[in-house]
There are 2 protein chains.
Amino acid sequence: MVYLDYNATTPLAPEVIEAITDTLKEAWGNPSSSYPAGLKAKNVISSAREQVANMVGASANDIFFTSGGTESNNWILLMAVQLFDFYDSAEDNNGHNKSSRVPHFITSNVEHDSVKLVLEHFKRKKIADATFVPVLHSTGAVDTDEVMAAITPNTVMISLMLANNETGVIQPVKEICNKVRNLKRCEGETKRIYLHTDAAQAIGKIGVDVRELGVDYLTVVGHKFYGPRIGAMCAVNPSKDTPVLPVLFGGGQERNFRPGTENTPMIAGLGKAAELVCKNLHRYQTHMEDVRDYLETQLKEKFGEGVCINGKFPASHRLPNTCNVSFTDQKLKGGEILRKAPSVQASVGAACHSQDRPSHILISCGVPESVAWKALRISVGRETTRQDIDQALQELESVFRES
Amino acid sequence: MVYLDYNATTPLAPEVIEAITDTLKEAWGNPSSSYPAGLKAKNVISSAREQVANMVGASANDIFFTSGGTESNNWILLMAVQLFDFYDSAEDNNGHNKSSRVPHFITSNVEHDSVKLVLEHFKRKKIADATFVPVLHSTGAVDTDEVMAAITPNTVMISLMLANNETGVIQPVKEICNKVRNLKRCEGETKRIYLHTDAAQAIGKIGVDVRELGVDYLTVVGHKFYGPRIGAMCAVNPSKDTPVLPVLFGGGQERNFRPGTENTPMIAGLGKAAELVCKNLHRYQTHMEDVRDYLETQLKEKFGEGVCINGKFPASHRLPNTCNVSFTDQKLKGGEILRKAPSVQASVGAACHSQDRPSHILISCGVPESVAWKALRISVGRETTRQDIDQALQELESVFRES
């Protein structure tokens with residue numbers, strides 16, 4: 001078996017498993033308790049918070065642990081709606097008509113469902129309006145000017161993934177943040193436009209630094225970088241530069257912003273996974289890029305014009321581990337290829353989407369539907385070898401020979 | 001060191017640690033992926049869902065995994081608000097004035113903060129109204145008739161904890177469910193009143209069965225019964241008898257009701273912890289009751305009229321493991337006693353509350369403030385021995401001698 005779906009999830013690093021199991025056994029106390037069993041757990045959490053913060057260039061105070069990326073994204077978007085309410089109530093006193101105003105979001109048309117479906121829900125419920133700026137067919141990325149042009153007086157947040165999960169294309173988050181920071185807001189407009197990036201697929205593959213990017217909020221997802229199935233919400237300098245509001249209410253954990261008894265073992269694991277990224281990112285990145293490039297060279301060598309690498313645009317940067325390839329001169333669709341090659345564990349797109357329809361992400365990037373049907377997403381990991389690639393390609397060749 | 005705060009959290013059972021570590025290593029695939037690594041994880045989750053369902057007399061379909069009790073409680077209450085909206089929009093067509101109606105909740109005045117603070121937030125934001133029915137000073141429990149009398153035309157949910165975390169008093173959930181089921185609703189009233197019980201403290205200590213109780217929704221919290229720091233939301237016969245609506249949006253996991261890539265290892269651990277409860281509840285219960293009763297006998301023997309057992313009412317049932325005791329003829333407050341007896345790991349109340357003020361739960365139960373100040377919550381576990389109790393009492397006696 002060859003696992004080539006590291007964008008769907010990664011195995012846990014051995015050091016992460018060790019951190020989790022040690023914590024399961026040794027630091028099971030309630031972190032809110034003031035006796036030794038509690039303090040031990042509290043210390044574990046503090047260290048992990050530092051480690052996660054270091055990984056994304058943030059301070060420990062900026063990190064709030066969550067159950068995962070879906071919760072982080074939902075939280076940040078719901079928070080932005082509430083921030084608009086605050087702003088809007090203030091405006092209301094000046095005689096503006098409150099009821100006619102709803103907050104406005106800007107995002108792309110290639111976001112993960114935990115952003116896309118939240119904003120669609122907001123639209124349906126008339127909680128907020130949202131503009132889904134399409135990515136360019138020439139870059140797979142949004143155009144910075146188009147994003148800026150989508151800003152309205154009610155725009156409260158721009159939410160853009162840092163790297164796409166299917167094509168690996170890196171979005172111009174930094175450029176957009178720069179432009180938005182320099183924007184002058186007029187009277188009757190939201191005073192600030194908050195910037196959010198879902199860094200789920202980027203962390204552990206490319207350098208991610210909240211201050212360099214210029215974002216206010218960032219989503220961290222453990223299981224995409226050899227960590228556990230929890231996540232974090234990063235708010236840069238919270239309650240000072242970046243407001244934070246809770247959407248859950250309870251026992252006061254995470255400084256009252258995200259209550260619930262802390263999942264200490266998983267938090268310890270997330271910290272360890274972050275530490276590994278801090279230490280070894282360059283090595284991981286170089287290795288994955290080498291193996292992915294080898295894969296693409298071999299694909300071209302074996303299939304020539306019969307393969308098309310989707311999402312590889314001269315003007316865009318891509319994640320070092322992701323190869324989205326369509327076998328254009330084969331009859332088989334992506335899902336069929338995978339069913340006939342059971343030892344190749346890859347996908348046709350996001351794991352949470354059906355494997356039996358063409359990816360809407362590819363179609364949004366301008367890939368023709370007939371080509372999108374024939375696509376596989378192959379994503380390599382820290383331990384993937386050239387031999388793994390050779391084995392997978394042999395298996396695919398044999399599938400095509402027999403079909 | 002003696003750990004006597006099993007109501008704050010429990011260590012993980014060795015079998016649970018094993019289930020988690022095995023899953024960390026062996027079933028790390030994305031449960032939504034259709035290749036072997038994904039299917040393995042999916043199977044782990046299915047088994048755990050069965051185990052959790054068995055523990056509370058539910059069907060596997062009734063179980064939705066969450067990040068913990070706080071999320072489950074918040075979800076259920078938010079869902080009830082949305083259910084009222086549905087109902088209310090329908091009524092609206094009949095000419096009723098929609099805007100003047102908000103949903104109404106009934107709860108007790110001794111709930112956990114993850115119910116109490118949610119309902120207070122709803123009230124503050126005018127999202128819903130709530131009646132906090134006070135527990136009787138003679139029972140520590142709500143009076144069934146008082147709960148029924150609090151019902152209004154807009155009542156959408158009654159949410160009552162099954163057992164109190166500080167006194168261990170068991171609430172008459174079953175009786176209330178029975179009465180509510182027999183209630184005829186008139187035109188202009190909510191058609192149904194949904195019943196929710198937060199069973200965080202009851203599971204693993206007493207038998208808990210959703211059908212016997214008659215509830216619609218039940219909250220499960222792993223770390224209170226030697227399981228991991230996640231939980232579940234149980235909805236009895238969902239989408240048929242009991243409506244379920246999502247509050248998070250994303251990748252479609254948990255049948256679209258609770259998205260986010262599943263925390264497979266923790267889910268496996270929750271399943272194992274549930275299996276242990278199913279198998280051994282009687283033994284756990286008998287053992288804990290024996291040790292707790294021994295503790296209370298010894299307290300009376302050593303301190304005579306100088307101790308008062310809070311929450312022990314002739315007319316109420318109590319959890320078998322909980323002893324809330326005030327040292328009435330000592331000068332020291334609860335928090336001071338604990339600081340002077342560092343080898344006794346107990347608490348003065350809920351872990352997430354300050355240990356330096358009298359418990360509002362005790363005061364709500366009619367305990368005078370001066371007595372509440374002097375209270376300790378001592379909660380025993382599956383492995384607590386009479387020797388542990390002797391050691392803790394010796395330590396306390398020595399603290400009192402020196403003060």
Side-chain angles (χ1 to χ4, degrees), chain A residues 1 3 5 8-12 16-17 20-21 24-25 28-30 32-38 66-71 73-74 112-114 117-118 120-121 221 223 228-230 247-253 259-266 338 342 344-347 350-353 355, chain B residues 1 3 5 8-12 16-17 20-21 24-25 28-30 32-38 66-71 73-74 112-114 117-118 120-121 221 223 228-230 247-253 259-266 338 342 344-347 350-353 355:
Chain A
M1 304 291 297
Y3 186 76
D5 203 12
T9 198
T10 57
L12 294 104
V16 171
I17 295 183
I20 295 174
T21 47
L24 285 168
K25 290 172 194 160
W28 52 266
N30 189 320
S32 298
S33 301
S34 46
Y35 43 71
T66 67
S67 63
T70 294
E71 183 189 328
N73 284 345
N74 276 260
H112 187 263
D113 277 350
S114 57
L117 297 185
V118 177
E120 287 177 355
H121 169 77
V221 183
H223 75 105
R229 291 273 166 76
I230 61 163
V247 294
L248 295 175
F249 297 88
Q253 293 85 353
T261 306
E262 298 88 337
N263 195 337
T264 321
M266 290 283 166
L338 292 175
V344 178
Q345 303 191 87
S347 63
C352 43
H353 283 162
Q355 305 292 299
Chain B
M1 304 291 297
Y3 185 76
D5 202 11
T9 198
T10 57
L12 294 104
V16 172
I17 295 183
I20 295 173
T21 47
L24 285 168
K25 289 172 194 161
W28 52 266
N30 190 321
S32 298
S33 301
S34 47
Y35 44 71
T66 67
S67 63
T70 294
E71 184 188 328
N73 285 344
N74 275 262
H112 188 264
D113 278 350
S114 57
L117 298 185
V118 177
E120 286 177 357
H121 169 77
V221 184
H223 76 105
R229 291 273 166 77
I230 60 162
V247 294
L248 295 175
F249 298 88
Q253 292 86 353
T261 307
E262 299 88 337
N263 194 337
T264 322
M266 290 283 167
L338 292 175
V344 179
Q345 303 191 89
S347 64
C352 41
H353 283 161
Q355 306 292 298

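Within every chain, numbering begins at 1; the chains are lettered A, B, ... in the order of the sequence lines, protein sequences first and strands thereafter.
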From CA spacing to verdict: side chain to side chain contact (heavy atoms under 4.5 Å, CB included), A:V118, A:N73: CA-CA 9 Å; A:V118 177; A:N73 284 345; 5.9 Å; no
Shortest non-hydrogen contact between B:E71 and A:S67, atoms and distance: OE1-OG, 4.4 Å
Nearest heavy atoms of B:Q253 and B:G260, plus distance in Å: OE1-N, 2.9 Å
When [options] are compared by non-hydrogen pairs under 4.5 Å with chain A, the top option:
options: B:T261, B:L117, B:L338, B:I17; result: B:T261
options: B:A346, B:G69, B:S347, B:G38; result: B:A346
options: B:A8, B:P342, B:G68, B:G252; result: B:A8
options: B:S34, B:A350, B:G29, B:P265; result: B:G29
options: B:E262, B:H121, B:H223, B:M1; result: B:H121

Please state whether the side chain, the backbone, both or neither of [X] comes within less than 4.5 Å of a heavy atom of chain A.
X: B:T264; value: both
X: B:V247; value: backbone
X: B:P228; value: neither

Backbone N/O of B:A351 and side chain of A:N30: donor-acceptor pair under 3.5 Å: no
Backbone N/O of A:I230 and side chain of B:N263: donor-acceptor pair under 3.5 Å: no
Interatomic spacing from CD1 in B:I20 to CD1 in A:I20 - rounded to 0.5 Å: 9.0 Å
Quick check on the interface: out of [options], who has the most heavy-atom pairs with chain B under 4.5 Å?
options: A:L24, A:V344, A:T66; answer: A:L24
options: A:P259, A:S33, A:P11; answer: A:P11
options: A:R229, A:K25, A:E120; answer: A:R229

Partners meeting ring pair (Phe, Tyr, Trp, His ring centres under 6.0 Å) with B:Y3 (sequence neighbours left out): A:W28, A:Y35, B:Y6
